[in-house]
Peer 1: 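Before I ask anything, here is the structure I am working with.
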Number of protein chains: 2
Amino acid sequence: MGRNRATLADVARRAGLSKTAASMVLNGREGTRLSAEAHQRVFAAAEELGYRPNVAARSLRTRKTATIAFVSDIVATTRFAGGLIRGALDAARERDHVLLITETQGDAAFEQYAIEAMLDRQVDGVIYAAMATRRLAVPPAILSGPVVLLNATSPEALPCVLPDDERAGRTVTTALLEQGHRDRIALIGRARLKERDPEVSLAAQARLRGIRDILSGAGATLLAEAFCGDWLPEHGYAAMRGLLSKPTRPSAVICMNDRLAFGAYQALGEAGLAVPTDISVVSFDDDPIATWLRPGLSTAALPHEQMGRRAVEILLDDRGTEPVLVPMPLRRRRSIATPAS
Amino acid sequence: MGRNRATLADVARRAGLSKTAASMVLNGREGTRLSAEAHQRVFAAAEELGYRPNVAARSLRTRKTATIAFVSDIVATTRFAGGLIRGALDAARERDHVLLITETQGDAAFEQYAIEAMLDRQVDGVIYAAMATRRLAVPPAILSGPVVLLNATSPEALPCVLPDDERAGRTVTTALLEQGHRDRIALIGRARLKERDPEVSLAAQARLRGIRDILSGAGATLLAEAFCGDWLPEHGYAAMRGLLSKPTRPSAVICMNDRLAFGAYQALGEAGLAVPTDISVVSFDDDPIATWLRPGLSTAALPHEQMGRRAVEILLDDRGTEPVLVPMPLRRRRSIATPAS
DNA sequence: AACGTGCGCTAAACTGATTTAGCAGAGCAT
DNA sequence: ATGCTCTGCTAAATCAGTTTAGCGCACGTT
């Protein structure tokens, strides 16, 4: 790979100057007293030879590789991860950096290995990402250099980027109130474990807080709250059936994520009820299925691309320690309407 | 990052030997006449200092970085990509390699930049992946070293890994025949563009070929073939409605992918028809939604993980030039049944 | 005693960049 | 003529490894 690449020495020779001169010119060093003509010759030579510096050689001296490690638990290869990586990739490119990506598969040994492999390659910093927004313990090895947590926090109070789930809870609830829903709003996706253990989820609690905040502001309470073991379609389906079996039918349901909402749609379809005329549905995440459902699901989007982007920016540019909360915009589709009566 | 790492010189000093000796011992070189005791001392010193070689320094001399470039069009960040990357990551790790991942966003300038950035880092080889199985033109820059195409072929006949779509077509059709379907099988997802232009898709034609092969072997033909502009749920929905409006209702439909099948389910639900009692459905891809649908969708799975894995294996180990076809196993769920009458 | 041989190990070159220290020559003042 | 400063450039060290060439010693042979 790249066997006959021209080296700096080649460029210097062709320009009739020393390596020193060539290096300084190509790096745009100020204060060297090299003549305009010398500059010309170096640039011309580099151009003609198609010179590209050898990053390994350079980094040996400078200890900079223009490479960022992107380590995640299992985020890198799931549908949820795409945006995170894409945003990070974009921001990295703008700063002339490149990403070394690994995922740990949730396996500590694998993680250890992966992190060492990246540190061996002298990465300039590490982005440590989690699939579910949660608190986690950062492997000590990566603390030797700059780190940014993505979609996660840690006891060490490292710089981190999180979605603003609480505000999303408010957004979603407000969208319902604006349409006239108030006293018959149900919730699907209460989950003790997710709400209690920050190492499992930070989103559950935050979203719930946002929802309740707006509701109590309007002097209302939830009509019903369905608990779910997990946030998968089957749980949403079961929860929705449960809700429909009660005397008072909700006018709207908030689902804790889109997969639950998908399940809810299935139950509604079977019951012969139509979204949104019979029941409105809102949700969180903006999973691809949200656009595929009929009618399209209104949902507060996890701003994955933005988050990935911010992580790189923080790592490379500012790096303050206060958590960065990225807003979750509401994608308005056709699943919300004014209640029938 | 990694500021106080021990160097080989440190290890050598501690072992009371030369760098040469330390290097040879740690690399397990045969034929050096270093004593067993010298071996001991070097290993002990390395262990005590937590020595890890600096990959940049090593690669400067050896021109090997144990790093593979994974370049894709937009595969890296979509739900379809996950498995490809995961498989590649796994196989790479087994060979002590690491992945530099980029996606080109379908933009030639970006691609040029990304590839150069990776070559600058002296990668040992390139895996060039496409999201849709198709033929593509490989950027000349990467031809300077080992390349494997993933989910793609090229006019240059480079080594490549592809899913065995034709066989999948046969698998899926056979599954239907086995249940007694024969003369009322419809197809959703014919698409002229995809079938004609290998630069758009190789899957469409191959799947169709497999389906027809089995059908004609059984002396049957398709009851109906619905054409779709693309393979999204909305197209599947429209196609299914079209099929249902005809005099003879199919006993089974084959959808060209799971998203179409999802749309088909929606149309069936609205029409009050049940899967699989009224109509059986089979499909291709094994998208996550296949498990979420009610009933679960039987589908020939794109073996993404296997494919990613094979690509690395071919790149690093054998590298024959004949295309590698990876089988697409049928995931049997509940969407196929014996036709009613 | 001189010579060849195998053993156990090391000095130094090399990879391709950056960076430090400093040299030669011109111009000017004393 | 001497010393000083400034200009324009370069030699050599450095980063952390790998690799080549070969050194000194003990032993056996003639």
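Throughout, protein chains are lettered first and strands after them, A, B, ... in sequence-line order, and every chain is numbered starting at 1. All heavy atoms count here, side chains included; hydrogens, waters and symmetry mates do not. Model, not experiment: these values are computed from the prediction.
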Peer 1: From the list D:dG22, D:dA16, D:dC9, which nucleotide is the closest neighbour of the side chain of B:N54?
Peer 2: D:dA16
Peer 1: Within the 4.0 Å heavy-atom criterion, would you say B:A38 contacts the bases, only the backbone, or no part of the nucleic acid?
Peer 2: sugar-phosphate
Peer 1: Which residue, B:R52 or B:M24, contacts DNA chain D at a nucleotide closer to its 5' end, judged by nearest heavy atom?
Peer 2: B:R52
Peer 1: Considering every strand and a 4.0 Å limit on heavy-atom distances, what is the contact class for B:R58: base, sugar-phosphate, or nothing?
Peer 2: sugar-phosphate
Peer 1: Whole angstrom is fine here: how far is it from CG in A:L49 over to C1' in C:dG16?
Peer 2: 15 Å
Peer 1: Do A:D73 side-chain atoms and A:M131 backbone N/O form a donor-acceptor pair below 3.5 Å?
Peer 2: yes
Peer 1: May I ask you to decide if the ring planes of A:F110 and A:Y113 are parallel, tilted or perpendicular, using 30° and 60° as cut-offs?
Peer 2: perpendicular
Peer 1: Tell whether B:R61 reaches the base of C:dT15 with its side chain through a donor-acceptor pair below 3.5 angstrom.
Peer 2: no
Peer 1: Should the side chain of A:K19 and the base of C:dG16 be counted as holding a donor-acceptor pair, with the cut-off at 3.5 Å?
Peer 2: no
Peer 1: Roughly how many Å is it from CG in B:L34 to P in D:dT18, rounded to a whole number?
Peer 2: 14 Å
Peer 1: Looking at B:R93 and B:D90, is any side-chain nitrogen of the basic one under 4.0 Å from a carboxylate oxygen of the acidic one?
Peer 2: no
Peer 1: On a plain distance test, is the side chain of A:T20 in donor-acceptor contact with the base of C:dT19 below 3.5 Å?
Peer 2: yes
Peer 1: Indicate, with a heavy-atom threshold strictly under 4.0 Å, whether A:S23 touches base, sugar-phosphate, or nothing.
Peer 2: base
